[in-house]
Amino acid sequence: MDKSMLGDLDGLPEEDKMRMAAMVDQLQIRDSLRMYNSLVERCFTDCVDTFRRKTLDKQEESCVRRCAEKFLKHSMRVGMRFAELNQGVATPD
Amino acid sequence: MDKSMLGDLDGLPEEDKMRMAAMVDQLQIRDSLRMYNSLVERCFTDCVDTFRRKTLDKQEESCVRRCAEKFLKHSMRVGMRFAELNQGVATPD
Amino acid sequence: MDKSMLGDLDGLPEEDKMRMAAMVDQLQIRDSLRMYNSLVERCFTDCVDTFRRKTLDKQEESCVRRCAEKFLKHSMRVGMRFAELNQGVATPD
Amino acid sequence: MAAKGGPSNFEKEQMFGMAEKEMEYRVDLFNRLTHACFNKCIEKRYKEAELNMGENSCIDRCVSKYWQVTNLVGQMLGNRPQM
Amino acid sequence: MAAKGGPSNFEKEQMFGMAEKEMEYRVDLFNRLTHACFNKCIEKRYKEAELNMGENSCIDRCVSKYWQVTNLVGQMLGNRPQM
Amino acid sequence: MAAKGGPSNFEKEQMFGMAEKEMEYRVDLFNRLTHACFNKCIEKRYKEAELNMGENSCIDRCVSKYWQVTNLVGQMLGNRPQM
């Protein structure tokens, strides 16, 4: 999430700016926590399929690590492209 | 969403009625935006499957149009049936 | 959801404790209602597949009952295991 | 503030909070029902933008059956004090 | 409270509420887009932690196409007063 | 209002907001875990309303493994300042 999405706050009194910033912070915290939960859910679902033991075996653990790593890189790349589109940067095909 | 779901507001003071109406408005805005996002997600998922270009081809575009059109008609019909059930209208099989 | 997750509230003035308790209550109500909705969605999706009539047939109805019953028992068991893990109870494999 | 016999501010907050949860519940129910019946009834190749007759009657029955499942599960939960 | 010519408290609440909904919308859009493109582009066996070249270009095109679908559907909804 | 040395109203709002997010996080975690393990462990034909022995032990192990994945991913995110 990008604070610039709030547009022009200059006209607001100091108190309202603080309140707006606090709101953005709260939404970012909520979003980070949800993203954490959805990342866990996805990597668990994709990597863990046997329930003969109650601990992750080596293969499952490394699958989860790669999955999470990959998702984070994916998410970062999507974020860059998304920001470009939001700013109206045009690129050839 | 239907404002009638709020039941009898007549007993409330003017100030509280305004606040209740503002709350309903806020929830409707949130719901409309979520519906927009979920419609985009669904039609993208169902219609776009090749990533050799960065622009939609004609076939994908018309699939998205039909998908969105169809979803909106579906949603409207569901809304009518849902309202009837909420009002306890009984109909034969 | 467990009220103990709020940690140590002893330091707070009475007014804030009340407000915190009200917040927990509100979240529990929201969570219960969402759980109800997701239970209905799951059992409907898993049990109802024919739409030649507008009423559930006997087989669908008993499938929904078993599905809901099973989900609630599942959810309770998960809750117990989850609480143990939250409290750091270690158990052998 | 609450000098008259009316509800206190705290009680009002509770009341508004409950009304909000109730509305959120109905919106959530409607959205899940809409998506569930779209999945059950609508042909995913989207050859046409119109709902055909088969889809229309499927939607009507689907909404009706979803509603019954809601009531059925509601009765079951009603018998359980822990919900 | 609102002795000066500025917005009333009620109007301020409305304004903050709208800004909040707008941000929630963007976060929701970003999250759905991220998951949709992960599903379309990423090989689920997770043999490596790195994105390969094919995945990278798929992601770029996927984001672009998702964005176009968002605009396309937005235009369609814009023509409908009931939304 | 905040004449004594206690936290200001603004700080209190922050504190309540954080507590709320923390609770929402736990509820969300619990719900996702519950659904993930239901999908992994429960036989979908619903022949019986009871959990059988295989399902029960699957649930216990599933919760345990999900918990480990939560911790594992948490460690990975902890090493990344951008989260």
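A note on names: the letters A, B, ... follow the listed sequences, proteins ahead of strands, and every chain is numbered from 1.
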Undergrad: So for A/Cys47, is it side chain, backbone, both, or neither that comes closer than 4.5 Å to the heavy atoms of chain E?
TA: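 The answer is the side chain of A/Cys47.
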Undergrad: What is the minimum heavy-atom distance between A/Ser75 and E/Phe30, and which atoms define it?
TA: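 Nearest heavy atoms, A/Ser75 then E/Phe30: O-CZ, 3.9 Å.
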Undergrad: Nearest 0.5 Å, what's the SG-OH distance between A/Cys63 and E/Tyr46?
TA: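 These two atoms lie 7.0 Å from each other.
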Undergrad: Atom CG in A/Asn86, atom CG in E/Leu29: separation rounded to 0.5 Å?
TA: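 If I round to the nearest 0.5 Å, the distance is 8.0 Å.
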Undergrad: Given 3.5 Å as the limit, does a donor-acceptor pair link the side chain of A/His74 with the main chain of E/Ile42, or not?
TA: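 Side chain of A/His74 to backbone of E/Ile42: no pair is present.
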Undergrad: Hey, are A/Lys70 and E/Glu48 close enough for a salt bridge, meaning a charged N less than 4.0 Å from a carboxylate O?
TA: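 Result for this pair is no, no salt bridge flagged.
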Undergrad: Against chain E, label A/Arg42 side chain, backbone, both or neither, depending on which of its atoms sit under 4.5 Å from a heavy atom there.
TA: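 Side chain only.
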Undergrad: Is it the backbone or the side chain of E/Glu50 that comes under 4.5 Å from a heavy atom of chain A, or both, or neither?
TA: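 Backbone plus side chain of E/Glu50, per the 4.5 Å heavy-atom cut-off to chain A.
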Undergrad: Can you find a heavy atom in the side chain of E/Phe38 that is under 4.5 Å from one in the side chain of A/Val78?
TA: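 When only atoms from C-beta onward are counted, A/Val78 and E/Phe38 do not touch, as no gap falls below 4.5 Å.
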Undergrad: About how many Å separate CZ of A/Phe82 and CH2 of E/Trp67, when rounded to the nearest 0.5 Å?
TA: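 Spacing of CH2 (E/Trp67) from CZ (A/Phe82) equals 5.5 Å.
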Undergrad: Which distance, rounded to the nearest 0.5 Å, do you find between the CG of A/Leu85 and the CD of E/Gln68?
TA: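 Going from the CG atom of A/Leu85 to the CD atom of E/Gln68 covers 9.0 Å.
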Undergrad: Can you tell me if A/Arg81 uses its side chain to pair, donor with acceptor, with the backbone of E/Val63 under 3.5 Å?
TA: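 Pair absent, no side-chain N/O of A/Arg81 close to backbone of E/Val63.
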Undergrad: For the atom pair NZ (A/Lys73) and CD1 (E/Ile59), what is the distance rounded to the nearest 0.5 Å?
TA: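 So the gap between those two atoms works out to 11.5 Å.
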Undergrad: Does any backbone or side-chain atom of E/Lys47 lie under 4.5 Å from a heavy atom of chain A? Answer side chain, backbone, both or neither.
TA: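 Looking at E/Lys47, just its backbone touches chain A.
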Undergrad: Please find the pair of heavy atoms, one from A/Leu27 and one from E/Glu24, that lie closest to each other, and give the distance.
TA: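 Looking at all heavy atoms of both residues, the closest pair is CD2-CG, 4.0 Å.
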Undergrad: Does E/Met18 CE have over 12 foreign heavy atoms under 6.0 Å away?
TA: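 No, the 6.0 Å shell around CE holds no more than 12 heavy atoms from other groups.
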Undergrad: Would you mind checking which part of A/Arg30 comes under 4.5 Å of any heavy atom in chain E, side chain (CB onward), backbone (N, CA, C, O), both or neither?
TA: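 Contact with chain E involves the side chain of A/Arg30 alone.
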Undergrad: Any salt bridge linking A/Arg66 with E/Glu43? Criterion: basic side-chain nitrogen under 4.0 Å from a carboxylate oxygen.
TA: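 Result for this pair is no, no salt bridge flagged.
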Undergrad: In Å and rounded to the nearest 0.5 Å, what is the CZ to CG distance from A/Arg77 to E/Asp60?
TA: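 Rounded to the nearest 0.5 Å, the CZ-CG separation comes out at 4.0 Å.
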Undergrad: Shorter than 4.5 Å, heavy atoms on both sides: which option in E/Glu55, E/His35, E/Arg45, E/Lys12 has the most such pairs with chain A?
TA: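 Heavy-atom pairs under 4.5 Å are most numerous for E/His35.
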Undergrad: Heavy-atom cut-off 4.5 Å, strictly under: side chain, backbone, both or neither for E/Asp28 against chain A?
TA: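 Answer is neither: E/Asp28 stays 4.5 Å or more from chain A.
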Undergrad: Before accepting this row, confirm whether a basic side-chain N of the pair A/Asp46/E/Lys44 lies closer than 4.0 Å to the acidic partner's carboxylate O.
TA: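 Between E/Lys44 and A/Asp46 there is no salt bridge, as every charged N stays at least 4.0 Å from the carboxylate O atoms.
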